[in-house]
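The structure appears below as C-alpha cells.
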Amino acid sequence: MTLAIVATRAGLGLEAPPVQVEVHLANGLPGLTLVGLPEAAVKESRERVRSALVNAGFDFPNTRRITLNLAPADLPKEGGRFDLPIALGILAASGQVPVEALEGMECAGELALDGKLRAVPGVLPFALATKAAGRTLIVPRPCADEAALAGESLPVLPADSLWEVVSHLLDQERIPPHRLSVPPTAKAPMADLSEVRGQQQARRALEVAAAGGHNLLFAGPPGTGKTMLASRLPGILPPLSEEDALAVAAVRSVCGLSLDEHWGQRPFRQPHHSASAAALVGGGSKPKPGEISLAHKGVLFLDELPEFSRHVLEVLRQPLETGEIHLARASHERRFPAQFQLVAAMNPCPCGHLGDPRQRCQCTASQIQRYQARLSGPLLDRIDLQVEVPALPPEQLTAQTEGEPSSAVRERVMAARERQMARGALNSELSGKALEAACALDDNERAWLAGVLEKLKLSARAYHRVLRVALTLADLQGEPKPTQPHLIEAIGYRQLDRLLKGG
C-alpha cells in the first residue's frame with residue numbers, strides 16, 4: 001500500500017480552504033475511484049489525468065486499484081484545478097516522483113490531454129492563502145503574474161506542462177521562481193470632473209460623498225447629467241492602498257475578470273435595471289460574487305433606480321449596513337466583501353419631466369405615486385445625500401469654460417479623509433457613540449436640531465446620517481466640529497420629498 005499526499009486548495013468564493021489529495025494504490029480489480037464531494041468537472045479529471053500521464057511519457061498504474069480522496073470530505077470541490085495535484089499524487093504513489101519532493105508544495109492547474117497545463121480562475125485568493133501558509137506554489141504559466149501579485153515572499157513556480165513540473169521535482173531542471181517584470185498599472189482612463197458643466201450643487205454633493213464615504217442619490221429630469229456626475233466619483237476618491245487593491249483584484253479573479261485593465265483603480269459597477277437579486281448580491285449553484293462585491297472599495301451605480309425590482313433593491317439594505325454579503329444555503333455558506341458606496345439616479349416620474357421647466361409632465365397622479373412607491377422608506381433612509389439635478393440653462397450648457405478638475409477636488413477629499421482617519425474611521429462608518437463625541441453639539445444646537453427632526457419626521461437613522469454629513473462638511477473646511485450652518489446643509493440633503501414633487 002502506498003499513500004501520497006499533494007496539497008492544493010478549493011476555490012470557493014474568496015476563500016481558499018486547503019485540500020489534500022490522497023492517493024492509495026492497492027491490488028485488486030483495476031479501476032480509479034474519486035471521492036471527497038467532487039463535482040462533474042472534478043470527476044472528469046480522471047480521464048484528463050490518465051491521458052495526460054500517458055501522452056507525457058509516464059506510466060499509469062492500469063493494473064492497480066486507485067483510490068483518490070480529496071480531503072476534507074465534506075467540502076465541495078469544483079473546477080479543473082485538481083488535475084495537476086491528482087496527477088502528481090498518482091506519480092508519487094507509483095514511485096515515479098519522490099514523496100519528499102512534494103513537501104511544502106501547493107499546486108493547481110488543469111491538464112490538457114497531451115500533458116500541457118491550462119490556466120484556472122481564482123488564482124490570486126489561492127496564492128494569498130498559500131503565502132499565509134508559508135508554502136511554495138506551482139501554477140500554469142499564464143497564471144504566474146496573477147499569483148505573483150501576492151508578494152515577493154511567495155515562491156511562484158510557473159510551468160507549461162506536467163513534464164516540466166516533474167523535472168523540477170526530480171531535480172533535473174529546476175523552475176526559477178517567477179517575478180513580475182513590470183508592476184501592474186491601470187490601463188483604463190478615468191473620467192474627469194472638469195467635463196461637467198454647471199450643476200454646482202450636485203458637484204458639491206459628489207465631493208461630500210467622496211470625502212465621507214456617503215451614499216448618494218441624484219434626482220432630476222432625463223439628460224441633466226446624473227450618470228455623467230456619478231461616473232466621475234471614482235476619479236475624486238483616494239487611490240487604493242496595496243491591501244485594498246489586492247482585495248479588489250481577488251474578487252475579479254474569482255469572477256474570471258481581467259486584473260490589468262483597472263489595477264489599483266476604484267471599481268465602478270453599473271448593473272442594468274433588469275439585473276436579478278442573485279446577480280446583485282451573488283450566489284448561484286456555484287456561488288460567485290455579484291455586482292455588490294465587484295464594487296468592493298469602489299462605487300455601485302444604479303441608474304433608473306425605480307426601474308429595479310423592489311425585491312432587488314431591498315437586498316441592498318443589509319450590505320449597506322454591514323459591509324459584507326452573507327449567503328446561507330442548505331448545502332453551503334459563503335461570505336463576500338461588500339464595502340461600497342451606493343450612487344443612484346432616478347427621474348421624478350415615469351416620463352421624467354415632473355417639475356421640468358422645459359417640458360410638461362404627462363403622468364397622472366396615480367402613475368407618479370406608484371413609480372415613487374417602488375423605493376422603500378428604509379432604503380432611502382440609508383442614503384445620506386439626496387440631491388436635485390435640474391436642467392441646465394442653455395447659456396451654461398454652451399459655455400466654453402471647464403469645471404474644476406478631479407485632481408483638485410481629490411486633494412480636498414484626501415485632506416478631509418486624513419482628518420477622519422485620525423478619529424479612527426470614515427464618518428460614514430463611525431459608531432453612534434464616536435459620532436456624538438466627534439460632533440460635540442452644545443445644548444442650544446441639540447435643542448434646535450431636535451425641533452427640526454420633529455418637524456421633518458426624520459428617523460433615528462436619518463438623525464445619525466445628518467450628523468455624519470455635517471461632520472464631513474466640517475472636515476472639508478478644516479473645522480474641528482460641525483456648526484449650525486453645516487447641520488442646515490446636511491439636513492437639506494434629506495429633502496427627497498421636495499425633489500420628487502418637482503420642487
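For this chain, numbers begin at 1 and follow the sequence in order. The structure displayed is predicted, hence computed values, not measured ones.
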From CA spacing to verdict: side chain to side chain contact (heavy atoms under 4.5 Å, CB included), L237, R410
CA-CA 6 Å; L237 290 171; R410 191 188 309 116; over 6 Å; no
Go through it in stages, so that I can follow the logic: the residues are D381 and R317, the test is salt bridge (charged side-chain N to carboxylate O under 4.0 Å, His left out), and I'd like the CA-CA distance, side-chain angles, deciding distance and then a yes or no.
CA-CA 10 Å; D381 223 17; R317 288 161 54 177; over 6 Å; no
How far apart are the C-alpha atoms of I90 and L25, what are their side-chain angles, what is the distance that settles it, and do they pass the side chain to side chain contact (heavy atoms under 4.5 Å, CB included) test?
CA-CA 8 Å; I90 293 175; L25 300 185; 5.5 Å; no
Give the intermediate values and the outcome of side-chain hydrogen bond (donor to acceptor under 3.5 Å, both in side chains) for residues E324 and T322.
CA-CA 6 Å; E324 71 172 6; T322 63; 5.5 Å; no
Does the pair V97 and V166 meet the rule for a side chain to side chain contact (heavy atoms under 4.5 Å, CB included), with working shown?
CA-CA 7 Å; V97 170; V166 173; 3.9 Å; yes
Let me see the working for K288 and F336 under side chain to side chain contact (heavy atoms under 4.5 Å, CB included), right down to the final yes or no.
CA-CA 9 Å; K288 286 189 176 181; F336 298 126; 5.6 Å; no
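With hydrogens and angles disregarded, no donor-acceptor distance shorter than 3.5 Å links the side chain of H168 to the backbone of E164. When atom types are taken as modelled, the side chain of E110 and the backbone of D83 share no donor-acceptor pair closer than 3.5 angstrom. R468 contributes a side-chain N or O that, together with a main-chain N or O of L430, makes up a donor-acceptor pair within less than 3.5 Å. Judged by distance alone, with hydrogens and angles left aside, the side-chain atoms of R266 form a donor-acceptor pair with the main-chain N or O of K297 at under 3.5 Å. Judged by distance alone, with hydrogens and angles left aside, the side-chain atoms of N215 form a donor-acceptor pair with the main-chain N or O of R382 at under 3.5 Å. When atom types are taken as modelled, the side chain of Q318 and the backbone of V315 share no donor-acceptor pair closer than 3.5 angstrom. Judged by distance alone, with hydrogens and angles left aside, the side-chain atoms of E146 form a donor-acceptor pair with the main-chain N or O of L124 at under 3.5 Å. Side-chain atoms of K116 never come within 3.5 Å of backbone atoms of D160 as a donor-acceptor pair (strictly under, hydrogens ignored). Of the possible donor and acceptor atoms, one in the side chain of H296 sits under 3.5 Å from a partner among the backbone N and O of Q339. Using a distance-only test at 3.5 Å, with no hydrogens or angles considered, no donor-acceptor pair links the side chain of S253 to the main chain of A249.
Classification of R9 and E106 as a salt-bridged pair holds, one side-chain N sitting under 4.0 Å from a carboxylate O. At a threshold of 4.0 Å, the pair E307-R374 counts as salt-bridged, since one of the basic side-chain nitrogens sits closer than that to a carboxylate oxygen. Salt-bridge annotation for D475 and R419: absent, with no side-chain N of the basic residue lying under 4.0 Å from a carboxylate O of the acidic one. Salt-bridge annotation for E39 and K43: absent, with no side-chain N of the basic residue lying under 4.0 Å from a carboxylate O of the acidic one. One finds a salt bridge joining R465 and E321 here, because a Lys/Arg side-chain nitrogen approaches an Asp/Glu carboxylate oxygen to under 4.0 Å. Between D145 and R179 there is no salt bridge, since no side-chain nitrogen of the basic residue lies less than 4.0 Å from a carboxylate oxygen of the acidic one.
Counting only heavy atoms from C-beta outward, the side chains of Q96 and D59 approach each other to under 4.5 Å. Side-chain contact between L170 and P98: present, with at least one pair of heavy atoms (C-beta onward) separated by less than 4.5 Å. Considering only heavy atoms from C-beta on, R48 stays 4.5 Å or farther from I86 through its side chain. Side chains of P222 and N347 form a contact here, defined as non-hydrogen atoms less than 4.5 Å apart. Residues P234 and V299 form a side-chain contact, since some pair of their non-hydrogen atoms from C-beta on lies under 4.5 Å apart. In this structure, the side chains of T33 and I66 stay at 4.5 Å or more apart for every pair of heavy atoms. Side-chain contact check for W163 versus V165: every heavy-atom pair is 4.5 Å or farther apart. Residues F340 and L294 have side chains not in contact (no heavy-atom distance under 4.5 Å, counting atoms from C-beta outward).
If you check the side chains of H272 and S274, you find a donor sitting under 3.5 Å from an acceptor. No donor-acceptor contact under 3.5 angstrom links the side chains of S241 and E243, judged on distance only.
The minimum heavy-atom distance between R81 and P121, with the atom names listed, is NH2-O, 2.6 Å. Counting all heavy atoms, side chain and backbone alike, H214 lies closest to D384 at ND1-OD2, 2.8 Å. Residues A147 and V139 come closest through the heavy atom pair CB-CG2, 4.4 Å. Shown here for A210 and L233, the closest heavy-atom pair between the two residues is CB-CD1, 3.7 Å. Of all the heavy atoms in A159 and I175, the pair that sits closest is CB-CD1, 4.1 Å. Across P18 and P72, no two heavy atoms sit closer than the pair O-CD, 3.6 Å.
To the nearest 0.5 angstrom, F60 atom CZ is 9.0 Å from S51 atom OG. Note that CG of L75 is 9.5 Å distant from CG of L70, once rounded to the nearest 0.5 Å. Distance NE2/H464 to CG/L435: 6.0 Å, rounded to 0.5 Å. To the nearest 0.5 angstrom, S45 atom OG is 9.0 Å from L111 atom CG. To the nearest 0.5 Å, the span separating CD1 on I292 from CG on L316 amounts to 5.0 Å. For the atom pair CD of Q265 and CG of L240, the computed distance is 9.0 Å after rounding to the nearest 0.5 Å.
Between F268 and F301, the two ring planes are parallel [angle under 30°; tilted spans 30° to 60°].
Each of L302, L305, V343 was scored for a side chain to side chain contact (heavy atoms under 4.5 Å, CB included) with L217, with one residue passing: L305. Checking each of V120, L137, V254 against F126 for a side chain to side chain contact (heavy atoms under 4.5 Å, CB included) leaves exactly one that passes, namely L137. Each of L280, L300, L342, I325 was evaluated against P319; a single residue qualifies, I325, per the side chain to side chain contact (heavy atoms under 4.5 Å, CB included) test.
Within 6.0 Å of the CZ atom in R423, the count of heavy atoms belonging to other residues, nucleotides or ligands exceeds 12.
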